[in-house]
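Step one of this worksheet: look at the structure below.
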Amino acid sequence: MSKLKDQIAEIIIKAVSDTGYPVKEIFLDKPKEDKFGDLSSNAAMTLAKELKLPPRKIAEEIISRIETGNNLITKTEIAGAGFINIFVSDKCYKDELKNVLSEGINYGRSSIHSGQSANLEWVSANPTGPLHTGHGRQLCLGKAIANLLEWTGYKVTREYYYNDAGNQMNNLALSVRARYMQIFDKDFPFPQEGYVGDYVKIIAENIFAAYNDTMKDSADLDFFKKEGEKYTFDIIKKTLISLGIHHDIFFNESSLYNNSEIEQTLEAFKSKGLSYENDGAVWLKMDEEKGFDKDKVLVKSSGEPTYRLPDIAYHIDKIKRGYDLIIDIFGSDHGDTYKEVLYGVNALGYDSDKIKVIIHQMVTFKMGNESVKMSKRSDNVYYLDELINDIGADAMQFFYVMRGANTHLDFDISLAKDKSEKNPVYYLQYAHARICGILRNADEVFPSYNETNVTELNTDVINSPEEMKLLKVLSDFPDEVISSAKTFEPHKIITYLNSVAENFHRFYHNNRVIDAENKELSLSRIHICLAVKQILKNGFDIIGISAPDRM
RNA sequence: GCGCCCGUAGCUCAAUCGGAUAGAGCAACAGCCUUCUAAGCUGUAGGUUACUGGUUCGAUUCCAGUCGGGCGUACCA
């Protein structure tokens, strides 16, 4: 429908220029209320300020130069403080219905970024344990955002960054070894900061099964690390697969050491005078004017880099790969640190404008009114696999994505689990299932309905208010995808799909679809159903949930 | 203390670039199944958009301050 919008914007621009007033960009809004028409412009109001003329007078001069009564615009009106309201002819929407049907699975895709490439890096959990519900929001957001990018034409590379060498992995190695040793000696000490999850015991038992006691008292931490990594990564990947998440690249931090990019990055800081040594550590000079209160360590006095240095090198690596857009998704606990990384990237002369960091706020879980507490120390962890098992992948995906990322999310597990009308997932899926039911019925009554040539479909019989309203909502889909993709906010798709479902259910209640006595009307309504089904399906694909045929 | 984010109906949240009477779902109340799925529909009620100022034709949106919450503030990631 954006074509229509562009057309009308042009008509207004022409009308404004005919008045002799200065022409500016014209913004067209969709008014919230139907009585204000289909599109609305505040052009007269913005001009009023500059020209010091009453906005309604300007609006009048503009609309007197807009032709109405044609196939495009039926009526124009001035309302309120000086809004120009435009009423679009039903024919436009009926034509758009045919577009939905003929474009099918591609309806809503746009080419605004075609020829461009994007890299989305997310999940990026180190292989120290299974994914848990704390990772969930990022997982589901990233999945939907990657889809959104593809729908606007980007070629998307999905990337997972991990580090199998650092502190965390040593900790895992020590934990695995301790559990292994405890098989022989119950009192063998477990590391203070060790990973207490049961999976560590399973890893130890697997080692015992394969190697018996041959690794007993072994000082080979690397062995335990590798065993731990292998097992953990396997279950992480299994979880990702069960959610339909696929990564094209698993980027190991250690490769940045092997190809000496970390060394080069460090050298670059030194040679530019951006770093200095103190207390045996290498410090990055931070700019107070950019809001940093103190300098940060790049290399610890132990000689090990902090996470900062490889992260900077990694982002430079991604920039060098030539992506047009680079996206990171982090939880709000990384809200400050990514700024340091971007600062470092910039300081070395790389353009960080292409890097877009999406920060999502934390999630709190509750069961009805009771909050669910989680702590890693006590292994009171709610693993993602458990959550999927409890509520299903669809409900999980939906709940994690249904709210804006930048607001705290209250995840009500008992609501997500609820198989009733209370559960918001079902409102959408039910609409889809309901349509499938109607179509099964149509197969019986009008078995040849799907042989209809869409372009020749008789849309003259479509005229009930529910039908027209539904067609209008359907035609918004392409714009919704674009605006959702622009701000990387998949929850907007859910908000939109809700209005599709709402208007479909209303249509269903007031308009009998299958009427054996009236084939022409039935056919047109069946095709409305097909279009709704298509848009629901396309929307579900973006947010990453399934489209059930029956419920 | 300082930095980032948030504060909207009883609850969970929407609200386009600063636009018109701030919208949904749940919960509450009142209706609708001999007709394609009642996981649905219709109606009622529910608001000083945390508070105080400012900017302007117009502020939930922008600015300043206050209060409240989350996350940071490591030679952890």
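Closest contact between the side chain of A:H505 and the listed nucleotides B:G40, B:G19, B:A14 involves B:G40. Which of B:G19, B:A15, B:C17 sits closest to the side chain of A:F27 comes down to B:C17. The side chain of A:T306 approaches B:C76 more closely than any other nucleotide in the set B:C76, B:G19, B:G40. Candidate nucleotides B:A39, B:C75, B:C26 were compared by shortest atom distance to the side chain of A:M551, and B:A39 ranks first.
A 6.0 Å sphere centred on NZ of A:K30 holds more than 12 heavy atoms belonging to other residues, nucleotides or ligands.
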Side-chain donor-acceptor distances from residues 437-449 of chain A under 3.5 Å, at least two apart:
unit_1	atom_1	unit_2	atom_2	d
A:R440	NH1	A:D549	O	3.4

Acceptor/donor pairs from residues 427-434 of chain A side chains to any protein atom, 3.5 angstrom cut, sequence neighbours excluded:
unit_1	atom_1	unit_2	atom_2	d
A:Q429	NE2	A:D394	OD2	3.1
A:Q429	NE2	A:S546	O	2.9
A:H432	ND1	A:P548	O	2.9
A:R434	NH1	A:H505	ND1	2.9

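With both ends at atom P, the span from B:A20 to B:U60 equals 9 Å, rounded to whole Å. Nucleotides B:U52 and B:U8 place their P atoms 16 Å apart, quoted to the nearest Å. The gap from the C1' atom of B:G10 to that of B:G47 amounts to 12 Å, rounded to the nearest Å. If you take atom C1' in B:G43 and the same atom in B:C51, they sit 36 Å apart, rounded to whole Å.
Taking 4.0 angstrom as the limit, A:Y314 places none of its side-chain polar atoms (N or O) nearer than this to OP1 or OP2 of B:A77. Proximity of A:R308 to the phosphate of B:A74: no side-chain N or O atom is located under 4.0 Å from OP1 or OP2. At B:U37, none of the side-chain N or O atoms of A:H509 fall inside 4.0 Å of OP1 or OP2 (strictly under the cut-off). In this model, the phosphate group of B:A14 is not approached by any side-chain N or O of A:Y496 to a distance below 4.0 Å at OP1 or OP2.
As judged by a 4.0 angstrom heavy-atom cut-off over every strand, A:N511 is placed among the base-contacting residues. Within the nucleic acid shown, A:S483 has no heavy atom closer than 4.0 Å to any nucleic acid atom. Among the heavy atoms of the strands lying under 4.0 Å from A:D279 is at least one base atom, whether or not backbone atoms are also near. Here A:D410 lies in heavy-atom contact (under 4.0 Å) with sugar-phosphate atoms only. Within the 4.0 angstrom heavy-atom criterion, no nucleotide atom of any strand lies near A:D418. In this structure, A:R506 reaches the sugar-phosphate backbone alone: every heavy-atom distance under 4.0 Å involves primed, P, OP1 or OP2 atoms, never a base. Counting non-hydrogen atoms under 4.0 angstrom, A:T364 reaches nothing in the nucleic acid. When heavy atoms are screened at a 4.0 angstrom cut-off, A:I359 is found touching no nucleic acid atom at all.
For the pair A:L415 and A:K30, nearest-nucleotide mapping onto RNA chain B gives the more 5' position to A:K30.
Under the rule for a side-chain contact (heavy atoms from CB on, under 4.5 Å), the partners of A:H113 that lie at least two apart in sequence or sit in another chain are A:Q116, A:T152, A:Y154. Considering only residues two or more places apart in sequence or on other chains, A:K225 meets the side chain to side chain donor-acceptor pair (under 3.5 Å) condition with A:N170. Applying the side chain to side chain donor-acceptor pair (under 3.5 Å) rule to A:N510 yields no partners; only residues at least two apart in sequence or on another chain are considered. Remark: A:K75 pairs with A:E77 by the salt bridge (charged side-chain N to carboxylate O under 4.0 Å, His left out) rule, at least two apart or across chains. Residues forming a salt bridge (charged side-chain N to carboxylate O under 4.0 Å, His left out) with A:E61 (at least two apart in sequence, or on another chain): A:K57.
Between A:Y276 and A:W283, the ring-plane angle classifies as parallel under the 30° and 60° cut-offs. A perpendicular orientation is assigned to the rings of A:Y160 and A:Y162, their planes being inclined by more than 60° (bins at 30° and 60°).
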Are there any protein N/O atoms within less than 3.5 Å of an N/O atom in nucleotides 68-73 of chain B, and if so, which ones and at what distance?
unit_1	atom_1	unit_2	atom_2	d
B:G69	N2	A:H408	NE2	3.3
B:C71	O2'	A:S332	O	3.0
B:C71	O2'	A:D333	N	3.3
B:G72	O2'	A:D336	OD2	3.0

What's touching nucleotides 59-65 of chain B from the protein side, N or O pairs under 3.5 Å?
none

Base-pair map of RNA chain B as dot-bracket, where | denotes pairing with a different strand and pairs are Watson-Crick or G-U under 3.5 Å: (((((((..((((.....[...)))).(((((.......))))).....(((((..]....))))))))))))....

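Salt-bridge check for A:K318 with A:E121: passed, with a basic side-chain N closer than 4.0 Å to an acidic carboxylate O.
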Stepwise side chain to side chain donor-acceptor pair (under 3.5 Å) check, A:D390 with A:Y382: CA-CA 11 Å; A:D390 282 349; A:Y382 196 9; 2.6 Å; yes

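Non-hydrogen atoms lying under 4.0 Å from RNA chain B are contributed by A:R403, A:G404, A:N406, all within residues 395-406 of chain A.
Judged by distance alone with a 3.5 Å cut-off, no donor-acceptor contact links the side chain of A:S302 to the base of B:C75.
Applying the salt bridge (Lys or Arg N to Asp or Glu O under 4.0 Å) rule to pairs touching residues 505-533 of chain A yields A:E467-A:R525, A:E502-A:R506, sequence neighbours excluded.
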